[in-house]
Structure formats: structure tokens, C-alpha cells
Amino acid sequence: MNKNNDSNSSNHVILRVQNVHKSYNGVEVLKGISFIMNKGETKVIIGPSGTGKSTLLMCINRLVEVDSGKIFLEDDEITSAKNVHKIRQEIGFVFQHFNLFEHLNVLDNVRLGLIKVKKMNKEEATNIALKELERVGLKNKIDLYPAQLSGGQKQRVAIARALAMNPKLMLFDEPTSALDPELIGEVLGVMIELAKSGMTMLCVTHELGFARAVADEIIFMEGGVIVEQDPPQVIFNNPKKERTKEFLNKLTKLYGKEENQ
Amino acid sequence: MTFFQIVQSSWRYMLDGLWITLFLTLTSVVIGFFIAILLALSKMYGNKALYAISNFYIEIIRGTPLLVQLFILYYSLPVIGIRLSPLTASIIAFFLNSSAYQAEYLRGAIQSISSGQMHAALSIGMTKWQAIRFVILPQAIRRFIPSWTNEFIYLLKYSSLSYIVGAPEIMAQAKFVASRNFEFFKVYLFAAIIYFLLVTGFSEVFKYIENRLKIPGTLSQARE
């Protein structure tokens, strides 16, 4: 629909979040969140649990409705769109608990959306699915069912499933926090490759190594607001806010200093 | 007369009854299943009106005895000019009754599917209806099969109630045979054996289906 100004990709805004508020049962979880993501950027959101990080991601593809504020995907307003299904196709979502379709094998998990939502024929859908599965290194597992995969493999299939829809933006909601430590690396590896390939990615994660390797900016959220938003070098070396420093100290104590990649 | 002689002299009658019983049960359970899907989906995903209607229907049906429902259809409807044959009245009573129970089993099965499945389906751009059809129901129906087997067996046995309004199923035939030869014990024993074999046979069939539909790698598997 809006193919204009694709040429200058450095300043091409993919996602605009404007003053988003959200309450659950009178408790305000998001208290006015605003930020912008340009095409090809990777941003990492960190912050203590219960801060609204997941809620924010869910608001962006409208699995949760905002109370006030606006969210735009390029020029389309997501928050008021009547055809929300159309917009969700353009936003990939990777869940903490994978949420693979349990009754379908790996190949069908990835191509279901192509066949049912994009109405592709089976052959075309299969080709795309195989291409995405190859990208995440699981082309040899297409006949297996989710229950037969390791957590890391499940999450890589979930990433392939989201990528197959050819999204403009990928959202990751703590993609590695349900994984055994030795399986985290394979998922982060796929995500790093994806970031380097120019995908626009918004990731809630506490993998600081990943953040340092590929994030253009780190957003530190607490209590429903953005406390600080800066490039990793600033956040890690010279955080502007005392609270950011405290939180990062806790994280590094917990996870060790950037041991992953 | 020996039991064998009873069987020999009455099996034709009983076979006639068997077909009626099977027809009655299968028709009711299948029609009941489709109504149950509508009821369960209305209760789970419908608006307030649909929820209220389904809930009301289910509560009324579950709250009254099957025999009362059958009598209302067969004996009370003629008062307002609707005359149903014993078989028709029985089928209607049974599928109405069964639909309420099946709806609740199905609702339980749908509720047991994690909400993440719906989220994932929506996140790739499916409509709610597509998500229900391609993601939720295929999983829920698998989990529904064990309780559905139970409901089927229940209905198979309770179809004997329809002899009271005169549908010529197994019990009616047995009563007819016994009233002629006065061998009540042996004739009803024969009927009991037929029911038992039917129930055992069907549960094996459903166990087979359950295993065939089992999702590879999951533990929800009936014993081999």
C-alpha cells in the first residue's frame, strides 16, 4: 500500500509508538510509552519483571488493546485499524513459550499461515517454508512434531513461522528465557543472523551479550515508563540514570558478563 | 429351554432391535455432536446473547431427566398437534440431550488448550474463526475423544429407554420375546450380552481412533 520513500532506508520509520497507556483492573502497566524504530534497526527492551515489557509487545500487534495512545506501522495506524488481521501479517511475533501448533509437524507449522492467510498454493507455500526452515537450520526436521523437538529447535521453528509471513517487523518476547542454558545459543545465533540481514527487530530479552552484539539501542523500562533509551555502549559503560546502572549490575551478577556470544 | 435355544429362537428379533439401537445411537450422537460444537463455541467465543442462550439450553437439558424429555416429546407434543413416531421422538430426545453433555465436554477440551495457541494463530494474521477452525478445534477434538467415547457408550445403553415409548430397539424386542416364552432371565441375559459386546466393540474402535489421531511425541495416548 505504501511503497513510497523506500529509497532512503536509514530514516525510514517502520514503527512509531506514541504515548501508549494501558491498565489492567485499574493498575496502570504502561504509563505513556513513546519510541520510534527505523528500518533495519534492532532494539532491545530490558527491565524488571512486571514492568509492562510483554504488554507493550502485545499492544504492538494488538493481541492487547491500548487504552490510549497510537501505534503506527509505517503509515498505517495499528491501534485504530479495522482490519487488524492484515496488519498482524506484517508483524512477526516470537513468544516466550514458542506456541507452536502442537498438532502440526514442523513444515505445516511454518506454512499454515501462508496457505490459510495468504491463500498461497501448497507448492509455493512449501518452498517458502523450506527456505525459512533452512535459514534457522531445521530443514532436516520438517516431519517432526513440536513435542519431538528440543526447546531451542521449537523456538527456531517459531522464528521460521513468523519469518515465512515476510513481516516488516519482528517482535521477540523473551525468546530464550524458557530455554535450558545450553540451548540459548542456537536461538540467539539465529536472531543475530536475522538482525545482520537487515530485519527490523524489537526484542524483550535479558541476553546482554546479544544486546551488545546487535542492538542499535537498548530501552530500559521500569514501572511502565521508559527510564533510559541509549546505544549499548552508553548503557553498559556510562548509563545516564542511576537506576539503569543498578539494574544492569543485578543482571550481570545473575547472568555473568556477556557470556553468550 | 436352554440359553442356546433361546438365542437360536430369538436372534432374528434381537437383530432387528440391534439395528434400531445402532441407528438410534449413531444418529443421535452425530447430530448431537454438531449441535455441541455450536453450543461450545457460542459459550467460549460467542457474544453475551449467544453465551446466554447456550448456557440456558445446556442447564435445562442437563437439569432434567432424559426420560422426562422423551415423554414431553412423545406424549405432550400431540396436545399441540405435533405427533412424532416413537423412533423420531427418541432420536430427537437423545440428540438434544446428548448435545448438552457433549458441549460441556468439548468446552472443557477447548479450555485445556493453552491461550498461547490462539495468540500464535492470531499473530500470523489469522482471523479468530480461522484460528478456531485450523488450530484450536483440531487439538480440542483430539482431547475430546475419550469423553466422547464415554458419552457414546452412555447413550448406547440409555437408548434402551426408548422402548418405553415403543421404539422397537433391543429392549423392546427382548420384552416381546420374553412375554411369549416366559424365559425372562435368559432373554434379558441375552440382551445384556448384546449390549456388553456392542459397548466393548465400540470402545475398542474409539481407542483405535484415539491412537491413530494421537499427536506424535505426546503422552496423551490410550493404552495399546
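Atoms considered below: every heavy atom in the structure, side chains included; atoms not considered: hydrogens, waters and symmetry mates.
Only the side chain of A/Phe95 comes within less than 4.5 Å of a heavy atom of chain B; its backbone N, CA, C and O stay farther away. For A/Leu100, the part sitting under 4.5 Å from any heavy atom of chain B is the backbone (N, CA, C, O) and nothing else. Of the atoms belonging to B/Gln130, it is side-chain heavy atoms, and not backbone ones, that fall under 4.5 Å from chain A. Of the two parts of B/Arg133, neither the backbone nor the side chain holds a non-hydrogen atom closer than 4.5 Å to a non-hydrogen atom of chain A.
Each of A/Leu104, A/Leu112, A/Asn99 was scored for a side-chain contact (heavy atoms from CB on, under 4.5 Å) with B/Val135, with one residue passing: A/Leu112.
Distance CZ/A/Arg88 to OG1/B/Thr127: 10.0 Å, rounded to 0.5 Å. Rounding to the nearest 0.5 angstrom, the gap separating the CZ atom in A/Phe101 from the CD1 atom in B/Ile113 is 12.5 Å. Summarising the geometry, atom NE2 belonging to A/His85 is positioned 12.0 Å from atom CE belonging to B/Met126; distances are rounded to the nearest 0.5 Å.
Most heavy-atom pairs under 4.5 Å with chain B, from the set A/Arg161, A/His97, A/Gln89, A/Glu102: that is A/Glu102. Most heavy-atom pairs under 4.5 Å with chain B: of the set A/Asn105, A/Leu144, A/Leu63, this distinction falls to A/Leu63.
The closest donor-acceptor contact from the side chain of A/His103 to the backbone of B/Phe134 lies under 3.5 Å.
The environment of OH in B/Tyr45 is crowded: more than 12 heavy-atom neighbours from other residues, nucleotides or ligands sit within 6.0 Å. Crowding of B/Tyr158 atom OH: a count of heavy atoms from other residues, nucleotides or ligands under 6.0 Å not exceeding 12. Annotation for B/Tyr13: atom OH does not count as buried by contact number, only 12 or fewer foreign heavy atoms lying within 6.0 Å. Applying the 6.0 Å contact sphere to OH of B/Tyr154 captures no more than 12 heavy atoms from other residues, nucleotides or ligands. Heavy atoms from other residues, nucleotides or ligands lying under 6.0 Å from NZ of A/Lys70 number 12 at most. Counting heavy-atom neighbours within 6.0 Å of B/Tyr75 OH, excluding the residue itself, gives a total above 12. The number of heavy-atom neighbours closer than 6.0 Å to CD of A/Glu182, taken from other residues, nucleotides and ligands shown, is above 12.
Proximity of A/Met58 to B/His119: side-chain heavy atoms (C-beta onward) are separated by under 4.5 Å at one or more points.
Here the shortest heavy-atom pairing between B/Ile124 and A/Gly113 reads CD1-CA, 3.7 Å. Summarising the geometry of A/Ala147 relative to B/Pro216, their closest heavy-atom pair is CB-O, 3.9 Å, with the distance given to 0.1 Å.
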